[in-house]
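Below is one structure; the comments refer to it alone.
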Amino acid sequence: MNILIIGGAGYIGSHVTRELLDNGYNCVVFDNLSSGLRENLFKEASFIHGDIHDYPSLVSAMKLGTMLPDSNSQFDALIHLAASKAAGESMLKPEKYSHNNIAGTINILNAACETGVRNIVFSSSAAVYGEPQYTPIDEKHPVIPENFYGFTKIEIERILGWYDKLKNIRYACLRYFNAAGYDVKGRITGLEQNPANLFPIIMETACGVRKEMSVFGNDYDTPDGTCIRDYIHVNDLASGHSMALDYITKNNKSITVNLGSGNGFSVNQVLEASGKIINKPIPAKITGRRSGDPAKLTASCALAFELLGWKAKHSDLETLIKTSWNAYKNK
Ligand code: UFG
């Protein structure tokens, strides 16, 4: 199968591309390199330096599918991971998030319709749920996003629902919980620039790039007072994409599923385990709460297992930390 991976040079996109190449797919990566890195490209996958806001370049990229080996038509599917993803920033710059995440995705969908690409795997997020009404969160949980980023994701999910009915597009919306870790085989080395997430911040602090990090609040209603999250290893996310792709193409059916580990770890647990594994103190101070942080988010992954046979294999704390540190320690 021929797959176009939009945003394939990014942190998650590069792991997804690696997984699909390993599974024998022909891959073409389309990325504007605004946050993706050349270092994350693989020689087995062609690369198009293009922007999702440039409609003609999207259309011509999608038409390239016909030139790939084993192809008698266009791309069999596209995976869309090109988005802005900082929840906090989305509350300050909603225009940027409307433009990149909503308008950009509409361009992709319309180009897919124009060129006959019928299968789409979309990077959605647990941010669509907002403040949890219960945990673990399953896909039936109400979707009331607390930040504009989450709103952009649920809007696209809804548009995809209509394109399924009206334009015969089949989609997989993958609601990621907290992506973390690096390739277990060490093949992906590009580090995220200006990260805002816990794992890269711990790693940057351990490397000395940051003098100290902040723990955002220790007065939550959790056993140690710090927030609990469901960290899903990026290799597990990548296999989820490959399995979702197989599912929608074989069953001609759209799906929306959570991708999480089902386990929750607190900020303090992650920090303590990191200090032990890295064998270095990680200077951290307790600061005030960060606005919009729910106390606890964990996923129910029963649906992904039922439909795709997928479950997390690398999302234990030790593997999350060790693979992250492997990527950071050499830089
Ligand atoms: N945290 C700190 N200090 C930091 C950074 C984070 O204490 O310097 C804490 C946060 O307060 C939170 C936890 O670590 O309790 C995880 O925070 P992240 O910023 O890593 O992740 P979030 O849970 O805020 O959000 C992530 C993604 C979202 C996605 C969500 C889904 O960034 O896009 O997971 O669960 F929607």
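This structure is a prediction, so every number in the text was calculated from the model and none was measured. Residues take their numbers from the sequence shown, with the count starting at 1. All ligand and atom numbering here is 1-based and tracks the order in the structure.
Looking at Tyr149, Phe265, Phe199 and measuring to atom 28 (C) of ligand 1, the nearest heavy atom belongs to Tyr149. For atom 22 (P) of ligand 1, the nearest non-hydrogen atom from the set Asn178, Asp293, Val215, Val128 belongs to Asn178. Between atom 29 (C) of ligand 1 and the options Pro145, Ala295, Ser125, Gly260, the minimum heavy-atom separation is to Ser125. Of the candidates Tyr231, Tyr129, Phe216, it is Tyr231 that places a heavy atom closest to atom 13 (C) of ligand 1.
In the vicinity of Ala127, heavy-atom distances shorter than 4.0 Å reach the ligand 1 atoms 36 (F). Set against the non-hydrogen atoms of Leu297, the atoms of ligand 1 under 4.0 Å away are 35 (O). Each of the atoms 5 (C), 19 (O) of ligand 1 lies under 4.0 Å from some heavy atom of Ala196. Those atoms of ligand 1 with a heavy atom of Ser214 less than 4.0 angstrom away are 2 (C), 3 (N), 4 (C), 7 (O), 8 (O).
Not a single donor-acceptor pair under 3.5 Å links the side chain of Asp51 to the backbone N or O of Asn32. Looking at His314, its side chain never comes within 3.5 Å of a backbone N or O of Leu320 through a donor-acceptor pair. Using modelled atom types, no side-chain atom of Asn218 and backbone atom of Gly225 make a donor-acceptor pair closer than 3.5 Å. Without hydrogens or angle criteria, Asp230 side chain to Ser261 main chain gives a donor-acceptor distance under 3.5 Å.
Looking at atom 15 (O) of ligand 1, its nearest protein heavy atom turns out to be Cys227 CB, 3.0 Å. Annotation: atom 23 (O) of ligand 1 to nearest protein heavy atom, Arg229 NE, 2.7 Å. Of the protein's non-hydrogen atoms, the one nearest atom 24 (O) of ligand 1 is Arg290 NH2, 2.7 Å.
For Val267, every heavy-atom contact with ligand 1 shorter than 4.0 Å involves the side chain, none the backbone. When non-hydrogen atoms are compared, ligand 1 lies under 4.0 Å from neither the backbone nor the side chain of Ala87. Looking at Leu198 against ligand 1, both its backbone and its side chain come within 4.0 Å, counting heavy atoms. No part of Ala179 comes within 4.0 Å of ligand 1, judged by heavy-atom distances.
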Decide yes or no on side-chain contact (heavy atoms from CB on, under 4.5 Å) for Asn101 and Ile156, but give the supporting numbers first.
CA-CA 8 Å; Asn101 296 8; Ile156 296 303; 5.8 Å; no

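Dense packing is recorded around CD of Glu39, with more than 12 heavy atoms of other residues, nucleotides or ligands lying under 6.0 Å away.
A centroid separation of less than 6.0 Å is found between the aromatic rings of Tyr182 and Tyr11.
Note that Lys165 lies in the cation-pi zone of Trp162, set by a 6.0 Å cut-off to the ring centre and a 45° limit from the axis.
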